[in-house]
Undergrad: 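Sharing a structure here in structure tokens format.
All values reported here derive from a predicted model rather than from experimental measurement. Remember, it's 1-based here, ligands and their atoms both numbered in the order they're listed.
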Amino acid sequence: MIIPHVSKLNDEQLKEVTDIVGAFGCRVQPIIGAEQTIYAIIGDERNDDMVTKLEGLPYINRVDRIQSPHKLMDARSSLASHRVAIGSVTLGTELFVCAGPCTIDPKNPNLTIETAHAVKEAGAHALRGGVWKPRTNPYSYQGDAKALLILMEASRQTGLPVDTEVMDEEHLKLAIEAGVNCLQVGARNALNYALLRQIGQAITGRDTAVLLKRSIHSGPVQEFIAAAEYIVQLGNPNVILCPRGTQPGLDGYRNHPDESIVPLLKERTWAPVVVDPSHSVGKASYVASAAMAAVAYGADGLCIECNVAPSQGIGDDPKQAVSPAVLKDIITKAKAVWKIRRGEN
Ligand code: PEP
Ligand code: MN
């Protein structure tokens with residue numbers, strides 16, 4: 001729908017608009033109102049280039065699209081009945097929990113192995129753990145491919161599927177070869193379209209899933225959905241949306257907790273949403289409330305940093321990892337919230 005600044009386009013303006021939409025296989029249909037005439041675009045109005053050209057005209061106020069530009073992620077798309085499974089859990093059928101250390105310390109494999117057993121015992125369905133880390137400070141620990149062996153050993157011992165972040169093609173190749181079940185796209189790379197495409201291509205024809213974090217900077221909901229569309233359009237629809245808090249942070253929290261985005265994502269897309277409350281709040285003692293809020297808002301699952309000895313961990317663990325006992329308590333309460341939300345009490 002084209003909404004001009006003027007009350008009605010003159011003949012010259014109407015011709016210009018008609019020519020632009022015509023070049024994209026569409027036509028315009030005026031809708032005459034008492035005060036203003038607006039112009040419906042008849043045809044496929046999703047083309048961004050067409051909309052940009054129209055919005056660039058000085059006499060056009062804006063173009064409102066009825067159809068989503070994200071045709072595959074859209075809640076009305078042919079993928080709407082697709083369900084994403086991680087290990088034995090089909091997301092949406094029960095509360096899914098992924099937990100584990102922020103970062104796998106290659107010098108202390110036992111810490112990850114013990115944590116893996118403990119998160120399983122606490123009720124988690126999948127194990128997370130950073131092999132390669134996107135660190136703000138270039139002198140901080142950056143990760144080590146050796147940690148991938150530890151993650152896969154932990155998976156073998158516990159039977160838990162695993163999630164780890166990949167930041168480039170080499171990580172992607174190694175992670176897929178090792179059998180990583182879920183590739184994480186971090187908040188810093190969430191809009192790295194070249195990486196999103198590489199991941200989409202690499203997982204085509206596999207049952208690998210992608211946990212796509214929301215960009216660290218608070219962007220529009222559509223921006224987040226469009227990032228997922230980059231992956232899904234290459235053929236594998238196993239994408240999970242992961243809000244994790246945005247910058248600027250809320251004073252006192254590491255980020256601005258954004259679990260309230262869940263209903264919007266649920267309305268606009270068919271994709272499962274797994275919230276990461278750990279990075280949202282950045283402090284172990286706040287994680288439980290953020291987790292409950294996320295489930296109350298409609299999340300299908302949680303991704304939580306947990307370590308048997310947070311103070312011995314590296315990366316975020318000393319500050320934001322919860323103990324396995326706290327994880328167990330969070331899972332019990334979050335399941336109760338899940339039931340209340342679904343009217344199952
Ligand atoms: C992480 O999961 O440890 C991580 C770095 O996450 P994010 O990209 O959300 O900061
Ligand atoms: Mn972390």
Undergrad: Keeping the roles fixed (side chain from Ser323, backbone from Val308), state whether a donor-acceptor pair exists under 3.5 Å.
TA: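 Side chain of Ser323 to backbone of Val308: no pair is present.
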Undergrad: How about His256 and Gln247: do any of their side-chain heavy atoms sit closer than 4.5 Å?
TA: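 No, too far: nothing below the 4.5 Å cut-off.
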Undergrad: For Gly186, take its heavy atoms, then give the atoms of ligand 1 lying under 4.0 Å from any of them.
TA: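 The atoms of ligand 1 under 4.0 Å from a heavy atom of Gly186 are 8 (O).
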Undergrad: Got an N/O contact under 3.5 Å between Glu305 and ligand 1?
TA: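 Yes; the residue has a nitrogen or oxygen that sits under 3.5 Å from a nitrogen or oxygen of the ligand.
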Undergrad: Just by distance, with hydrogens left out, do Glu305 and His279 show a side-chain donor and acceptor under 3.5 Å apart?
TA: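 The criterion, which ignores hydrogens and geometry beyond distance, is satisfied for His279 and Glu305.
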Undergrad: Which residue owns the protein heavy atom closest to atom 6 (O) of ligand 1, what's the atom, and how far is it?
TA: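 Among all protein heavy atoms, the one nearest atom 6 (O) of ligand 1 is Lys213 NZ, 3.0 Å.
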Undergrad: Before signing off on this row, confirm whether Ala187 and ligand 1 have an N or O atom pair separated by under 3.5 Å.
TA: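 Yes, there is a polar N/O contact under 3.5 Å.
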Undergrad: Looking at non-hydrogen atoms alone, which of Arg254, Glu165, Arg244 comes nearest to atom 9 (O) of ligand 1?
TA: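 The residue whose heavy atom sits nearest atom 9 (O) of ligand 1 is Arg244.
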Undergrad: Among side-chain atoms of Gln157 and His117, is any donor-acceptor pair under 3.5 angstrom?
TA: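 The criterion, which ignores hydrogens and geometry beyond distance, is satisfied for His117 and Gln157.
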Undergrad: Could you tell me whether the side chain of Val131 reaches within less than 4.5 Å of the side chain of Leu151, counting heavy atoms only?
TA: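 Yes, side chains in contact.
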Undergrad: With the Mn ion (ligand 2) as the point of reference, which N/O/S atom of Asp316 is the closest?
TA: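 Asp316's closest N, O or S atom to the Mn ion (ligand 2) is named OD2.
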Undergrad: Report yes if some N/O of Asp276 lies less than 3.5 Å from some N/O of ligand 1; otherwise report no.
TA: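 No; the residue has no nitrogen or oxygen that sits under 3.5 Å from a nitrogen or oxygen of the ligand.
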Undergrad: Report the nearest protein non-hydrogen atom to atom 4 (C) of ligand 1: residue, atom name, distance rounded to 0.1 Å.
TA: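 Scanning the protein heavy atoms, the shortest distance from atom 4 (C) of ligand 1 goes to His279 NE2, 3.4 Å.
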Undergrad: For atom 3 (O) of ligand 1, what is the closest protein heavy atom, and at what distance to 0.1 Å?
TA: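 Protein heavy atom with the smallest distance to atom 3 (O) of ligand 1: Lys133 NZ, 2.8 Å.
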Undergrad: Can you tell if the side chain of Leu91 reaches within under 4.5 Å of the side chain of Ile86, non-hydrogen atoms only?
TA: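 A side-chain contact under 4.5 Å exists here.
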Undergrad: Given NE2 of His279 on one side and SG of Cys102 on the other, what angle do they make at the Mn ion (ligand 2), to 10°?
TA: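 Reported to 10°, the angle equals 180°.
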Undergrad: Using modelled atom types and a 3.5 Å cut-off, is there a donor and acceptor pairing between side-chain atoms of Asn181 and backbone atoms of Ala209?
TA: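 No, the answer is negative, given that no donor and acceptor are paired below the 3.5 Å cut-off.
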Undergrad: Nearest N/O/S atom of Glu305 with respect to the Mn ion (ligand 2), by atom name, please.
TA: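 Nearest N/O/S atom of Glu305: OE2.
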Undergrad: Could you check Asn189 against Asn192 for side-chain hydrogen bond (donor to acceptor under 3.5 Å, both in side chains), going step by step and ending with a plain yes or no?
TA: CA-CA 5 Å; Asn189 268 312; Asn192 178 344; 3.0 Å; yes
Undergrad: Which atoms of ligand 1 are found less than 4.0 Å from any heavy atom of Cys102?
TA: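 The atoms of ligand 1 under 4.0 Å from a heavy atom of Cys102 are 3 (O).
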